[in-house]
Amino acid sequence: MVDEMSPVAFYVQLAGLLTKEMEARKLKPRQPLPSESHLQQQYGVSRGTVRAAIRLLRDRGLVVTSTGRGTYVVDRS
């Protein structure tokens with residue numbers, strides 16, 4: 001869960017949590033991220049927060065989004 005008392009923006013916290021899941025291989029390369037609605041429910045955040053976190057992960061080169069297909073973890077091996 002994101003820390004509501006943290007001065008760090010929710011989307012940055014969420015991106016960090018998802019990055020840790022990628023590093024732990026819970027989110028595997030070339031597999032899709034969970035849906036926006038699933039991430040909303042799992043982490044207790046808004047759709048805008050999920051979208052901003054995914055945008056940050058995309059900017060960092062950790063995920064790639066394919067229109068109509070979803071967002072996938074990049075294979076960095």
Side-chain angles (χ1 to χ4, degrees):
M1 294 300 270
V2 295
D3 181 1
E4 295 180 11
M5 301 304 290
S6 173
V8 178
F10 286 172
Y11 79 96
V12 175
Q13 291 183 54
L14 179 56
L17 291 169
L18 293 172
T19 299
K20 286 180 184 176
E21 287 191 22
M22 288 179 220
E23 290 169 350
R25 306 290 266 184
K26 291 180 183 177
L27 293 174
K28 294 181 172 61
R30 298 192 292 186
Q31 291 191 345
L33 288 183
S35 68
E36 288 180 357
S37 60
H38 179 81
L39 291 172
Q40 279 180 264
Q41 291 175 354
Q42 183 176 355
Y43 292 101
V45 295
S46 71
R47 172 166 269 156
T49 297
V50 171
R51 288 182 175 178
I54 291 171
R55 187 177 328 113
L56 182 56
L57 293 173
R58 195 170 40 246
D59 290 347
R60 292 178 177 171
L62 299 175
V63 299
V64 62
T65 300
S66 178
T67 305
R69 297 192 63 193
T71 301
Y72 294 81
V73 178
V74 171
D75 188 356
R76 299 186 300 169
S77 54

Kindly indicate whether the side chain of Pro34, heavy atoms from C-beta on, has any atom under 4.5 Å from the side chain of Leu27.
yes

Taking a hydrophobic cluster as the set of Ile, Leu, Val, Met, Phe, Trp and Tyr residues connected by side-chain heavy atoms closer than 4.5 Å, whether directly or through intermediates, do Val74 and Leu33 fall within one such cluster?
no

Determine, using the 4.5 Å side-chain heavy-atom cutoff (strictly less than), whether Tyr11 and Leu18 are members of one ILVMFWY cluster.
no

Co-membership, hydrophobic cluster, residues Leu39 and Leu56, 4.5 Å side-chain
no

Does Gln31 reach the side chain of Val73, with side-chain heavy atoms less than 4.5 Å apart?
no

Reported CD-to-OG distance for the pair Gln42 and Ser37, which is rounded to 0.5 angstrom
11.0 Å

Which residues, ordered by chain and number, are linked to Met1 in its hydrophobic cluster, where ILVMFWY side chains connect at heavy-atom gaps below 4.5 Å, directly or through other members?
none

Do any side-chain atoms of residues 58-67 form donor-acceptor pairs under 3.5 angstrom with protein atoms, and if so which ones, sequence neighbours left out?
from	atom 1	to	atom 2	distance (Å)
Arg58	NH1	Thr65	OG1	2.7
Thr65	OG1	Thr71	OG1	2.9

Using a 3.5 Å distance criterion without hydrogens, assess whether the side chain of Thr19 forms a donor-acceptor pair with backbone atoms of Ala15.
yes

Residues that Gln13 engages under side-chain contact (heavy atoms from CB on, under 4.5 Å), provided they are two or more places apart
Val2, Asp3, Ser6, Val8, Phe10

Residues Gln40 and Arg47: closest non-hydrogen pair is NE2-N, 3.4 Å

